[in-house]
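Before any comments, here is the structure.
Source: prediction; values computed, not measured.
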Amino acid sequence: MIEQAQTYQLTQSQMLLWMGQQLNPHAPLYNMAFRFDFQDGLDVAVFQLAFQKLLQECAPMRSVFVVQDTVPQQRILSDFEYELEFLDWSNNKKDIQAWAKERSQQLFDLEQAAFDSVLLKISDSHFVWYLNQH
């Protein structure tokens, strides 16, 4: 997964967030979940490619956090592989609000990714993009 990576010390704000999470390791204190509804048809493959392009172009999206010699550090990966999950709910009317609330409570493995993202198909003309970031 890691071809090359640049490693940086945490900023003061990042260090405070990291320490807060260490004090409450089982609570997703800093998760920020967003929901974007698309009311027109959507080409799933194109959306997934666009998301991968976003990851290539946006260093914060490729940032992970590691502890090295007891010191937390931010590592920006140059080669970041992430498969945007796609769920087809068009034949299964699930409660999106309940699903998103439950999903937003999941803890991140910050050594792997500092976000979670899913594309949901509700119908042929309604898609939901879920993005949760730490």
Is there side-chain contact between [X] and [Y], with heavy atoms separated by less than 4.5 Å?
X	Y	value
Val118	Leu84	no
Val64	Leu110	no
Gln21	His26	no
Pro72	Trp18	yes
Leu42	Leu119	yes

Determine the interplanar angle of the Trp99 and Trp89 rings, folded into 0 to 90°, and report it as parallel if under 30°, tilted if 30 to 60°, perpendicular if over 60°. perpendicular
Checking [X] side chain against [Y] main chain: does a donor-acceptor pair fall under 3.5 Å?
X	Y	value
Asp69	Val71	no
Gln56	Lys53	no
Tyr82	Ser117	yes
Asp43	Val46	yes
Asn31	His134	no
Tyr130	Ser104	yes

Please confirm whether Phe108 and Phe115 have ring centers closer than 6.0 angstrom. no
Measure centre to centre between the rings of Phe34 and Trp129, then say whether the value is under 6.0 Å. no
Taking it one step at a time, do Met19 and Gln14 satisfy side chain to side chain contact (heavy atoms under 4.5 Å, CB included)? CA-CA 9 Å; Met19 288 172 40; Gln14 288 173 319; over 6 Å; no
Neighbour count >12 (heavy atoms, 6.0 Å) for atom [atom1], [X]:
X	atom1	value
Gln9	CD	no
Asp109	CG	yes
Glu102	CD	no
Glu83	CD	no

Distance (rounded to the nearest 0.5 Å) between [X] [atom1] and [Y] [atom2]:
X	Y	atom1	atom2	result
Leu87	Ile122	CG	CD1	9.0 Å
Asp40	His126	CG	NE2	10.5 Å
Asp88	Lys121	CG	NZ	5.0 Å
Arg35	Gln97	CZ	CD	5.0 Å
Asp95	Lys93	CG	NZ	12.5 Å
Cys58	Ile76	SG	CD1	9.5 Å

Test of understanding: clusters of I, L, V, M, F, W, Y form through side-chain heavy atoms closer than 4.5 Å, transitively. Do [X] and [Y] belong to the same one?
X	Y	result
Leu55	Phe36	yes
Val66	Met61	no
Leu29	Met32	no
Phe51	Phe127	yes
Phe38	Leu131	yes

Side chains of Gln73 and Thr7: do they bring a donor and an acceptor to under 3.5 Å? no
Heavy-atom pair with the smallest gap, counting every atom of Ala5 and Leu77: CB-CD2, 3.9 Å
Nearest atoms (heavy-atom pairs only) where Ala113 meets Phe80: CB-CZ, 3.9 Å
Going through the distances and angles, do Glu81 and Arg62 end up as a salt bridge (charged side-chain N to carboxylate O under 4.0 Å, His left out)? CA-CA 9 Å; Glu81 294 181 26; Arg62 297 189 320 271; over 6 Å; no
Using the rule given for side chain to side chain contact (heavy atoms under 4.5 Å, CB included), can you reason through Gln6 versus Tyr8, listing the C-alpha separation, both sets of side-chain angles and the distance that settles it, and then say yes or no? CA-CA 7 Å; Gln6 298 172 323; Tyr8 301 94; 2.9 Å; yes
